[in-house]
Each structure stands twice: as C-alpha cells, then as structure tokens.
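Remarks on the structure that follows.
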Amino acid sequence: MGLLYKEPKEVKYAVCIETFPNGVINLHFTSDSGKFGIDEILAEYNLTPKRLLEILNDRDDYKEGEL
C-alpha cells in the first residue's frame, strides 16, 4: 500500500441513493480505494423498498446503535 493505494483504514465509502417514479431505489456504492485515491465503483443495486426491507430483516448481525 502507500503510493498507489490508500491504507484500508483510510478508505472512505459512499452510497448515492436515487429513487424512481416506479418505486425502485438505486443504490450506487463507491470508495476512494482505486489507484491514487480515485473513486472506484463497488456495487450497484436496483431494489423496491419492500425487497430492501426483506434483505435488511434477514440479517441478524447488527451492532448496537445500528437499529
């Protein structure tokens, strides 16, 4: 790490949330972990609010303060 890539503890993550008239939510995840700190696309999801809730409810490993 160092010159080309950031140290893992220094990486910043972001999500851009866009809603569409048909009710779909687009979640676009990025981080500044690319070469020389350039933003890198990590994942993109198109979900309905109901599907997003189902995914979040299926998890049981939430930390204190996340709920």
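To the nearest 0.5 angstrom, Leu56 atom CG is 9.0 Å from Leu47 atom CG. In this structure, CD on Glu7 lies 12.5 Å from OG on Ser33, to the nearest 0.5 angstrom. Of the inter-residue distances, the one linking Asp39 atom CG with Lys12 atom NZ reads 11.0 Å to the nearest 0.5 angstrom. Separation of atoms OG1 (Thr48) and CG (Asn22) is listed at 10.0 Å; rounding is to 0.5 Å.
The cluster map of Ile, Leu, Val, Met, Phe, Trp and Tyr, joined by side-chain heavy atoms under 4.5 Å apart, puts Val15 and Val11 in the same cluster. In this structure, Phe20 is not a member of the same hydrophobic cluster as Tyr45, with clusters built from ILVMFWY side-chain heavy atoms closer than 4.5 Å. Leu67 and Leu53 fall into different hydrophobic clusters, defined by Ile, Leu, Val, Met, Phe, Trp and Tyr side-chain heavy atoms under 4.5 Å apart, directly or through other members.
When side chains are defined from C-beta on, Ile25 counts as touching Pro49, because their heavy atoms get closer than 4.5 Å. Side-chain contact between Tyr5 and Phe36 is absent, with no heavy-atom pair separated by less than 4.5 Å. Residues Asn26 and Ile17 are not in side-chain contact: their nearest non-hydrogen atoms beyond the backbone lie 4.5 Å or more apart.
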Just do the side chain to side chain contact (heavy atoms under 4.5 Å, CB included) check on Glu40 and Asp32 with the steps written out, would you?
-> CA-CA 6 Å; Glu40 181 172 66; Asp32 62 351; over 6 Å; no
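Crowding of Phe29 atom CZ: a count of heavy atoms from other residues, nucleotides or ligands under 6.0 Å exceeding 12.
Across every non-hydrogen atom of Tyr62 and Arg59, the tightest pair is CE1-O, 3.6 Å.
Note on Arg51 versus Glu54: salt bridge recorded, some NZ/NE/NH1/NH2 to OD/OE distance being below 4.0 Å.
With His28 as the fixed residue, the side-chain contact (heavy atoms from CB on, under 4.5 Å) test singles out one of Leu42, Asn46, Ile41: Ile41.
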